[in-house]
There are 2 protein chains.
Amino acid sequence: MAVPTDRRLTQRGEERRRQLVDYATARFAENGFHPTSVAEIVEGLGVGKGVFYWYFDSKEELLRAILSDAQHDLRRTQRDAIADAGSPTERIERGIRASIEWSIEHRDYFRLFQFAATDGRFSSNLRTGEQVAVRDAARHLAEAMAAGEIAAGDPELLSHAILGVHTHLVHLVHRGLLDPTPAELDAAVSFCLYGLLGPRTKG
Amino acid sequence: MAVPTDRRLTQRGEERRRQLVDYATARFAENGFHPTSVAEIVEGLGVGKGVFYWYFDSKEELLRAILSDAQHDLRRTQRDAIADAGSPTERIERGIRASIEWSIEHRDYFRLFQFAATDGRFSSNLRTGEQVAVRDAARHLAEAMAAGEIAAGDPELLSHAILGVHTHLVHLVHRGLLDPTPAELDAAVSFCLYGLLGPRTKG
DNA sequence: AGGGTAGTTGACTGAGCGGTCAAGGAACGC
DNA sequence: GCGTTCCTTGACCGCTCAGTCAACTACCCT
């Protein structure tokens, strides 16, 4: 009945699970979570329905697994991006760029994040990850403030503001309303950085 | 079968329709569009199922009507807010503030916008309204640029960036992670304005 | 009063849903 | 070859869903 969390999968099993996750990710992102049925997923892969329930307890659990995978992937990408940055400000800028690029590349994940944020059944799964990322960014902002690189302010609030810009612009790119050219990305990053910079006596 | 678009409603009819719209808005926002059934709506109001289909062709059409109402309300609020502003920059600032305040006040509408943006069946309904609002804001930005009040840049891109900040911060307020105090709003508006201001030789 | 229209009822339909399960096949260690 | 575990099948279950409709009531106009 319940799928044990520690089930040992053979290679065949791993591959099948991957297929399910990948195909479901694409369908959920394209057609929406609720409108996509389990029947549609297994039929799309040409397998029996029991296969689905061999690997997952429910459709909900599958989405949670997808979201978790995506969050870990994003986080790893961010960590790698800021690893060899010198100053706090540089870490912030690289973090912003890496997040935007990842979100553009992983369109399906991004859409699922957007959906999950609107559904009480899944939004809690996002919060932890978002909180970690925001706290992280806020730490860099606080350092930059201490170093006098940017204006003083609430680091978490500003992190969220940046996240808002990032999210919305990626949305535009996915909708085809914005070409993700270096110039456009620079403009977005610049908006954020000058927003952080705040009032200055000299620039 | 189909509800005529020009059906004459008596006062009683208008009130019933209002009840349906209001109750459905609350349920859709709270529980999600797909998980909320027509049965749940009519039972919540203590009426028969036929009532629903007397006023609306489908659950989808009802959501579309709600979204349309909400967009018109927001737009009216924005227009009123910037009516008596002197400079382009002041119009921008008042527009931002009015949008944030409206979104905080109309939590249900805001959540439905968020959901609709993730669902291909409804996102087209939002686009027109968003485009109008963005074009409008972009016009003020262009004027401000021409007047030398802010740095040159792509007005539409910057409008979207502001919209992104607005959206994300309102989200935070609704999640209880941010108190919408004047100071917090000022910080958000300031982030946007300095982002717009961009590089300056003097401030 | 009476006739028309606006509004209402709730049982009903047919389809589709998420999820189950007994049975059977494939891979692997022995 | 044989037993065990891993995996797969697809008919099936109970239920809920969006949407229908014939019969009915409330209201308004004359």
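In what follows, chains carry the letters A, B, and so on, assigned in the order in which the sequence lines appear, proteins first and then strands, with residues in each chain numbered from 1.
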What is the distance, to the nearest angstrom, from the [atom1] atom on [X] to the [atom2] atom on [N]?
{"X": "Glu15(B)", "N": "dC27(D)", "atom1": "CD", "atom2": "P", "result": "11 Å"}
{"X": "Glu60(B)", "N": "dC17(D)", "atom1": "CD", "atom2": "C1'", "result": "14 Å"}
{"X": "Phe52(B)", "N": "dG10(C)", "atom1": "CZ", "atom2": "P", "result": "18 Å"}
{"X": "Arg27(A)", "N": "dC17(C)", "atom1": "CZ", "atom2": "C1'", "result": "17 Å"}
{"X": "Asp57(A)", "N": "dG19(C)", "atom1": "CG", "atom2": "C1'", "result": "11 Å"}
{"X": "His34(A)", "N": "dC17(D)", "atom1": "NE2", "atom2": "P", "result": "13 Å"}
{"X": "Glu43(A)", "N": "dT9(D)", "atom1": "CD", "atom2": "C1'", "result": "13 Å"}
{"X": "Leu9(A)", "N": "dC28(C)", "atom1": "CG", "atom2": "P", "result": "14 Å"}

Does [X] have a side-chain nitrogen or oxygen under 4.0 Å from the phosphate oxygens OP1 or OP2 of [N]?
{"X": "Tyr53(A)", "N": "dT20(C)", "value": "no"}
{"X": "Trp54(B)", "N": "dT8(C)", "value": "no"}
{"X": "Tyr55(B)", "N": "dA6(C)", "value": "no"}
{"X": "Ser37(A)", "N": "dG16(C)", "value": "no"}
{"X": "Thr10(B)", "N": "dT5(C)", "value": "no"}
{"X": "Arg16(B)", "N": "dT8(C)", "value": "yes"}

Taking the basic N atoms (NZ, or NE/NH1/NH2) and the acidic carboxylate oxygens, is any pair closer than 4.0 Å for [X] and [Y]?
{"X": "Arg18(B)", "Y": "Asp69(B)", "answer": "yes"}
{"X": "Glu90(A)", "Y": "Arg94(A)", "answer": "yes"}
{"X": "Arg76(A)", "Y": "Asp73(A)", "answer": "yes"}

request  = Fit a plane to each ring of Phe191(A) and Phe191(B), take the angle between them on a 0 to 90° scale, and name the class: parallel (under 30°), tilted (30 to 60°) or perpendicular (over 60°).
outcome  =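 Judged by the thresholds at 30° and 60°, the geometry between Phe191(A) and Phe191(B) is perpendicular.
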query = Which part of the nucleic acid, if any, lies within contact of Val38(B), taking any heavy atom under 4.0 Å across all strands shown: a base, the sugar-phosphate backbone alone, or nothing?
reply = sugar-phosphate
task = Assign Gly50(A) to base, sugar-phosphate, or nothing according to its heavy-atom contacts below 4.0 angstrom with the strands shown.
result = base
ask   = Would you find more than 12 non-hydrogen atoms of other residues, nucleotides or ligands less than 6.0 Å from Glu40(B) atom CD?
value =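 Counting neighbours around CD of Glu40(B), more than 12 heavy atoms of other residues, nucleotides or ligands fall under 6.0 Å, so yes.
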inquiry  = Determine whether a donor-acceptor pair (one donor, one acceptor, N or O, separation below 3.5 Å) exists between the side chain of Lys49(B) and the base of dG19(D).
reply    =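 Under the 3.5 Å cut-off, the side chain and the base do form a donor-acceptor pair.
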ask   = Among dC27(D), dC7(D), dT8(D), which nucleotide sits nearest the side chain of Arg12(B)?
value =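 For Arg12(B), the side-chain atoms sit closest to dC27(D).
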